[in-house]
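Here's the structure, in structure tokens; my notes come after.
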2 protein chains.
Amino acid sequence: MPKSPRVDPDQLLELFSVSFGAYYGDFTAAAARENLTASQGKTLGELSRGPVAMRGLADTLACDASNITGIIDRLEKRGLVRREPSPGDRRVKNVVLTPEGEQAVEAIRAHMDTTRAGMDTLDAEERATLHALLKRVFTARCGES
Amino acid sequence: MPKSPRVDPDQLLELFSVSFGAYYGDFTAAAARENLTASQGKTLGELSRGPVAMRGLADTLACDASNITGIIDRLEKRGLVRREPSPGDRRVKNVVLTPEGEQAVEAIRAHMDTTRAGMDTLDAEERATLHALLKRVFTARCGES
DNA sequence: GACTCTTGCTTGACCATCTCAAGCATCCAC
DNA sequence: GTGGATGCTTGAGATGGTCAAGCAAGAGTC
């Protein structure tokens with residue numbers, strides 16, 4: 001079953017652009033529902049995988065460390081996040097999600113309506129295929145075997 | 001060949017988050033190379049598909065129209081873009097990419113190194129499959145037959 | 001210990017992005 | 001032509017982003 005022959009990398013890149021634009025819009029809207037900006041939502045999402053040092057957030061979000069200070073300041077002021085001193089290195093501050101922060105992450109994920117509706121058009125096998133292909137394209141270098 | 005059984009929507013959503021983060025970082029870096037911010041790059045990318053009214057850009061980029069005014073101001077000042085009156089409606093201004101603007105878009109697309117490297121790990125059939133699946137998830141509602 | 005080097009975080013300055021409220025010009029319906 | 005809707009701009013205020021500078025703390029050397 002030849003899905004559609006002749007998809008060159010430029011066409012795929014173009015589709016990435018459109019798809020990610022749609023995802024980003026959906027994400028931004030879901031975050032706005034919680035009175036969070038896209039950057040704040042993205043930061044909380046990273047933290048949902050476990051505590052991260054300020055430096056680590058700056059690396060993941062690909063921005064200057066000084067930027068993170070302000071974002072965490074605002075999230076901390078709202079009680080969604082907490083700075084904790086690192087036991088091993090007193091320079092380092094680990095950022096931890098509070099229960100309220102976890103709730104916010106859940107709420108955002110639950111309200112990604114457009115994206116979820118799109119995913120619902122795939123059956124289980126198609127989801128598995130998409131997952132495998134996307135993973136190869138975007139997480140190759142962090143690659144476990 | 002069962003790729004990987006049991007990928008539920010939440011896992012796929014999670015992978016979207018990571019993948020789009022990687023894409024966004026790559027895009028931002030490529031845009032920065034041209035002395036453009038991510039928003040400016042995204043705007044130019046939209047315009048590469050043809051002229052768009054200010055209002056249309058605001059809709060596509062999912063932000064307030066007043067925002068677009070500033071972005072286009074800066075792009076126009078740098079000669080990457082031009083405002084043209086719409087023949088049919090004198091309220092509307094169509095934004096057109098200049099040749100310099102087209103060059104900038106090409107340069108950004110050419111320097112999406114991480115993403116291109118990831119795509120190179122796929123063969124032609126896998127690209128076609130990924131294209132078809134992504135398209136179904138994210139462009140269903142604009143759907144031509 | 002003292003000296004230096006590096007690293008992690010914060011601060012301040014400066015611009016870009018984003019939203020909202022308000023305003024103006026134009027179109028459209030009546 | 002009057003009134004209402006629409007397209008764009010402006011200005012205020014908060015957030016996001018970079019850069020340069022600074023402080024605190026680990027790490028290596030003596």
Side-chain angles (χ1 to χ4, degrees), chain A residues 21 24-25 27-47 51-78 80-96 104, chain B residues 21 24-25 27-47 51-78 80-96 104:
Chain A
Y24 186 75
F27 181 81
T28 302
R33 210 185 264 249
E34 308 299 314
N35 276 307
L36 292 166
T37 66
S39 293
Q40 290 170 339
K42 214 163 143 193
T43 304
L44 293 180
E46 289 301 326
L47 292 172
V52 187
M54 302 290 283
R55 178 76 225 142
L57 285 174
D59 289 340
T60 306
L61 303 182
C63 65
D64 195 89
S66 66
N67 203 349
I68 304 297
T69 299
I71 293 177
I72 297 300
D73 279 351
R74 291 172 205 112
L75 290 176
E76 196 170 29
K77 197 169 299 180
R78 289 177 52 177
L80 301 176
V81 128
R82 215 175 44 240
R83 279 172 169 100
E84 284 190 350
S86 172
D89 187 335
R90 276 184 300 166
R91 292 171 301 177
V92 175
K93 294 177 188 172
N94 289 317
V95 186
V96 185
Chain B
Y24 187 74
F27 180 81
T28 303
R33 209 185 264 249
E34 308 300 313
N35 277 306
L36 292 166
T37 66
S39 292
Q40 290 170 339
K42 214 163 144 193
T43 304
L44 292 180
E46 288 302 325
L47 292 172
V52 186
M54 304 288 284
R55 179 75 222 140
L57 285 174
D59 289 341
T60 306
L61 303 183
C63 67
D64 195 89
S66 67
N67 202 352
I68 305 296
T69 299
I71 293 177
I72 297 300
D73 279 351
R74 291 173 205 109
L75 290 176
E76 195 170 30
K77 197 168 300 181
R78 289 177 52 179
L80 301 176
V81 128
R82 213 174 46 238
R83 279 174 169 97
E84 285 190 349
S86 172
D89 187 336
R90 277 183 302 166
R91 292 170 302 176
V92 175
K93 294 177 189 173
N94 288 318
V95 186
V96 185

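Everything numeric in this text was worked out from a predicted model, so none of it was measured. Below, chain A is the first sequence line, B the second, and so on; all start at residue 1. Note that these values count all heavy atoms, side chains included, but never hydrogens, waters or copies made by symmetry.
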Worksheet item: Going through the distances and angles, do R83(A) and M54(A) end up as a side chain to side chain contact (heavy atoms under 4.5 Å, CB included)?
Response: CA-CA 9 Å; R83(A) 279 172 169 100; M54(A) 302 290 283; 3.8 Å; yes

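A straight line from CG of L57(B) to C1' of dC18(C) spans 15 Å, rounded to a whole angstrom. Rounded to whole Å, atom P of dC15(C) lies 12 Å from atom NZ of K77(B). With rounding to whole Å, R90(B) atom CZ is found 11 Å from dC28(C) atom P. Rounded to whole Å, atom P of dG7(D) lies 14 Å from atom CD1 of I68(B). When the P atom of dA16(C) is taken as reference, atom CD of E76(B) falls 15 Å away, rounded to whole Å. For the pair D73(B) CG and dG11(D) P, the computed distance is 11 Å after rounding to whole Å.
The residue among N94(A) and T28(A) whose nearest nucleotide of DNA chain C is located toward the 5' end is N94(A).
Minimum heavy-atom separation, A38(A) to Y24(A): CB-OH, 3.6 Å. Taking each heavy atom of T37(B) and Q40(B) in turn, the nearest pair found is N-OE1, 2.9 Å. The two atoms that bring A65(B) and A58(B) nearest to each other are CA-CB, 3.8 Å, heavy atoms only.
The salt bridge (charged side-chain N to carboxylate O under 4.0 Å, His left out) analysis of residues 55-68 of chain A, with sequence neighbours excluded, yields the pairs R55(A)-D59(A).
For the side-chain contact (heavy atoms from CB on, under 4.5 Å) criterion with V52(A), the lone passing option out of V96(A), T43(A), V95(A), L47(A) is L47(A).
Between L80(A) and L36(A) there is a side-chain heavy-atom pair separated by less than 4.5 Å. Between R78(A) and N35(A), some side-chain heavy-atom pair lies under the 4.5 Å cut-off.
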Shorter than 3.5 Å, N or O on both sides, protein versus nucleotides 16-18 of chain D: list them out with atom names.
{"from": "dG16(D)", "atom 1": "OP1", "to": "T37(A)", "atom 2": "OG1", "distance (Å)": "2.5"}
{"from": "dG16(D)", "atom 1": "OP2", "to": "R74(A)", "atom 2": "NH1", "distance (Å)": "2.5"}
{"from": "dG17(D)", "atom 1": "OP2", "to": "S39(A)", "atom 2": "OG", "distance (Å)": "3.2"}
{"from": "dG17(D)", "atom 1": "O5'", "to": "N67(A)", "atom 2": "ND2", "distance (Å)": "3.2"}
{"from": "dT18(D)", "atom 1": "OP2", "to": "D64(A)", "atom 2": "N", "distance (Å)": "2.6"}

Atom pairs, N/O to N/O, protein against nucleotides 6-8 of chain C, distance under 3.5 Å?
{"from": "dT7(C)", "atom 1": "O2", "to": "R91(A)", "atom 2": "NH1", "distance (Å)": "2.6"}

